[in-house]
Protein chains: 4
Amino acid sequence: MKIDSIKLGKKRRGARRRERTRTDILNAARDVFAEHGYHEASIAEIAERADIAVGTFYLYFHDKDEAFETILDEGFEVTRSRVMEAIAAQEPDGATLSIVIHAILHHAYEQRALFRIALTGSKQLTQPSRVQHAIAEIIATILEDAHRQAALIGYDLPILTSLLTGMITQAIAWWFEHDTPDPDTMANQVIRILQHGLPAHVFTSQT
Amino acid sequence: MKIDSIKLGKKRRGARRRERTRTDILNAARDVFAEHGYHEASIAEIAERADIAVGTFYLYFHDKDEAFETILDEGFEVTRSRVMEAIAAQEPDGATLSIVIHAILHHAYEQRALFRIALTGSKQLTQPSRVQHAIAEIIATILEDAHRQAALIGYDLPILTSLLTGMITQAIAWWFEHDTPDPDTMANQVIRILQHGLPAHVFTSQT
Amino acid sequence: MKIDSIKLGKKRRGARRRERTRTDILNAARDVFAEHGYHEASIAEIAERADIAVGTFYLYFHDKDEAFETILDEGFEVTRSRVMEAIAAQEPDGATLSIVIHAILHHAYEQRALFRIALTGSKQLTQPSRVQHAIAEIIATILEDAHRQAALIGYDLPILTSLLTGMITQAIAWWFEHDTPDPDTMANQVIRILQHGLPAHVFTSQT
Amino acid sequence: MKIDSIKLGKKRRGARRRERTRTDILNAARDVFAEHGYHEASIAEIAERADIAVGTFYLYFHDKDEAFETILDEGFEVTRSRVMEAIAAQEPDGATLSIVIHAILHHAYEQRALFRIALTGSKQLTQPSRVQHAIAEIIATILEDAHRQAALIGYDLPILTSLLTGMITQAIAWWFEHDTPDPDTMANQVIRILQHGLPAHVFTSQT
DNA sequence: AATGAATGAGGATTCATTCAT
DNA sequence: AATGAATGAATCCTCATTCAT
């Protein structure tokens, strides 16, 4: 029994260590990708920041690509679940668009580095930015509900979803260059537009 | 005099030729950047498509970067002037937001390659804003007018501009993956949102 | 005394175990070398097939090279003794070339993996001779006898030995790509050439 | 006309230069491969010996492999044609085995580096040594003639070809470690065996 | 002006070997 | 004795840029 527990201890320690190294690498990689973008990020720099040898990187990730993908995948998994939790906590009966927008912007504000990578450090051209996809999915669920209730007649649902996503994405990107406003204020700006629209004035001739 | 005019002729011919080569390179480069993105685009391929030698490229552009910048700069200069012309033609008294959105989307639809480069093939991280900047500027003029007339109380003007730009940009990006709808339909979707907002329904609890 | 015997038992068991592990590694290594060749064989794969940790490999062999050398050395020691036994069993008075060739090809046919390593997976350039050397030695003893009896006048003994070795080696290499003929048939082909030579016909002009 | 000839001159000079560089690389590569074998040969060393930059290597060969293949391909093409010429010169009516063996060994002696690469510096395991193939082809033509005339009853033709090839190959390999004997003497040793066979003595019990 | 061969720094990836546990 | 995570030197290959012609 003693032996068992010791062995178990060892195993746990090994696993813990392995996990810690993996996290170190992922954090370092996220920073480097965020700073330089996919192409200009070098494994050497990631390794240095994670305080490991170059070769160690390859013990945890098959190649540069896999690390990149992992950051996005795991990052957005966290995003999705956090946002979902926030929504569920506030409005158990069903999410409203306002709550969703607030939740997304709150989380995005805290995870700027991740969003920066996803929005600008892309590896491929065709990636319509995985962020957009993640955001779009969340928004889609709400709009689909509304659509089912025939509340969105006149709108093409996929396009509407995409356009809202574009707006929210832009709100997030705003923070790449500015530090204010805070997420709530930003969310209110977005919601205001979506709720009331702009004054008729701007759509007609301006004399 | 005769000699002079000959020289002049030569000069002119030389200049015309130079101009043609420059355009060839720019066209080839735009295609290659659009196909592969900044990083994967090689000078060799650009040169081949422009039917010139690699070295010749460097007689016209200082480096890869300069060609890239030139494409965006000249491209958006054209965009701006075309859109402005379109607006002026339709509504001499002053543009309305509807007209601007229609004009922008029309032009963008025709210049997909350019917009694709600007939106996805960026060289640096902070760059996706090149298109956005161009679009934002046009929109800003209209919103500023409205703002001056106190019609936009409650909105932060720069942020509002940015958000609208995000929506329009997203509409353009939609065409990177889909061929429909046509620019007018797309513009109408955008305008519908901005004019009426979404039904109150989606902002409140959904029972 | 009791303690002693226990210790002894332990020691023996330890030694036996050590021996078994060593053999496991050697077997795994032989397979991997045979499959991939020296350079493409990785310690990691050898360790995996031997069901040990990478580090353990280095407890038994100083480096990749030593394992490789050991395989060849021990392999050919076995070859030599088996062949010698076979000869002694058949012809106690002294071996004949026929018997030797039969014996060598029989053994080689069964030990293809080893011979494949020795002939094609070599580490260094000057090495293809390891097998050759082993074969040559056996053949040399016979030829030297004959030479002593002045039966090989006109032949340079070392060269003759080498040439016969080349022929036999080639016979073995034949099996790297073909499964037939069986060792006896193959041996008879070799012997036929060495016994009668080729018809005079092929050495003169062919009208 | 003057312009034409100048242009032509330029073209020729360029082509000549290109050809020279290619040859330089091939020569350097042949040496390095011969010294270190395929795997240990580094492009850097080849480039240095050819007195070019690393990148230049890749202007002429797609990768290490292609250079290696080219050396063998071109090398054996030369071998074949030289040997064929030699044969044709001596015996217009049809080659005899003696002449072929002399010719092969003569050429091989002069091209030791090439043969060393082909025989020992192989890249893949399955390569039954392209040399062998080249030699085998030449020998096959002669033996097939004889076979057609039913002079080789009792022999399996492909195996016989292979065995002779093995012998000749071994003769060439001999020179990797020794400088003597000269090609003619060596050829005579080979021919002597093939013509008369070994004394019956060595095949029977040796009392 | 045009050419295109040459350059060489830069970066990804591998794997034999070590060593703390 | 055994483990297997960590190391980092070594090597291939790319491509923007230069420059002799």
Side-chain angles (χ1 to χ4, degrees), chain A residues 6-7 9-11 13-15 17-18 20-22 25 39-48 50-65 67, chain B residues 14 17-18 21 39-48 51-67, chain C residues 14 17-18 21 39-48 51-65 67, chain D residues 6-7 9-11 13-15 17-18 20-22 39-47 50-65:
Chain A
I6 287 174
K7 276 187 183 169
K10 259 189 189 169
K11 229 176 232 164
R13 203 181 323 127
R17 170 125 80 128
R18 209 158 194 296
R20 204 192 320 141
T21 305
R22 200 186 114 100
I25 295 174
H39 281 285
E40 306 300 323
S42 86
I43 303 298
E45 187 172 352
I46 293 172
E48 197 178 7
D51 199 29
I52 54 159
V54 180
T56 305
F57 176 91
Y58 288 92
L59 290 181
Y60 291 85
F61 301 97
H62 189 255
D63 56 16
K64 191 178 174 179
D65 232 73
Chain B
R17 204 207 319 201
R18 222 188 125 71
T21 304
H39 280 285
E40 309 301 325
S42 82
I43 303 297
E45 187 174 350
I46 293 172
E48 197 181 5
D51 199 31
I52 54 160
V54 178
T56 307
F57 176 92
Y58 287 90
L59 294 177
Y60 289 85
F61 300 97
H62 187 255
D63 55 19
K64 190 178 176 179
D65 235 72
E66 191 182 302
Chain C
R17 206 214 307 207
R18 221 187 128 70
T21 304
H39 280 284
E40 308 302 324
S42 83
I43 303 296
E45 188 173 351
I46 293 172
E48 198 181 5
D51 199 31
I52 54 160
V54 178
T56 308
F57 176 92
Y58 287 90
L59 295 178
Y60 290 84
F61 299 97
H62 188 256
D63 57 16
K64 191 179 175 178
D65 234 73
Chain D
I6 287 174
K7 275 187 184 168
K10 259 190 189 169
K11 228 177 232 165
R13 203 182 322 128
R17 169 123 84 124
R18 212 161 191 295
R20 205 193 320 142
T21 304
R22 201 186 114 101
H39 281 286
E40 306 300 323
S42 86
I43 303 297
E45 187 173 351
I46 293 172
D51 200 30
I52 54 158
V54 178
T56 306
F57 175 92
Y58 289 92
L59 291 181
Y60 291 85
F61 300 97
H62 189 256
D63 56 16
K64 191 178 173 179
D65 233 73

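The chains referred to below are lettered A, B, ... by the order of the sequence lines, with proteins before strands, and numbering in each begins at 1.
- By the 6.0 Å contact criterion, CD on B/E66 is enclosed, its count of non-hydrogen atoms from other residues, nucleotides or ligands being greater than 12.
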For residues 50-58 of chain A, run the donor-acceptor check on the side chains, cut-off 3.5 Å, and write out each pair with its distance to 0.1 Å, sequence neighbours left out.
none

field: Bracket string, DNA chain E, 5' to 3' - pairs by Watson-Crick or G-U geometry under 3.5 Å, | interstrand
entry: .||||||||||||||||||||

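- Between A/E40 and B/H39, the closest heavy-atom pair is OE2-CE1, 2.5 Å.
- The shortest non-hydrogen separation linking C/L59 to C/R18 is O-NH2, 3.5 Å.
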message: Each nucleotide in nucleotides 6-11 of chain F should get exactly one letter: B, S or -. Can you fill that in based on protein heavy atoms under 4.0 Å?
response: BBB---

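- In this structure, C/E48 places its CD atom 15 Å from C1' of F/dT3, rounding to the nearest Å.
- Whole-Å rounding puts the B/D65 CG to F/dT17 P distance at 8 Å.
- What separates NE2 of D/H62 from C1' of F/dT14 is a distance of 11 Å, to the nearest Å.
- We find that CD1 of D/I46 is positioned 11 Å from P of F/dC13, with the value rounded to whole Å.
- As rounded to whole Å, 5 Å separates atom P of F/dC13 from atom CG of D/D63.
- If you take OG1 on D/T21 and OH on D/Y60, they are separated by 4.0 Å, rounding to the nearest 0.5 Å.
- Remark: B/Y58 is in phosphate contact with F/dT17, judged by side-chain N or O atoms under 4.0 Å from OP1 or OP2.
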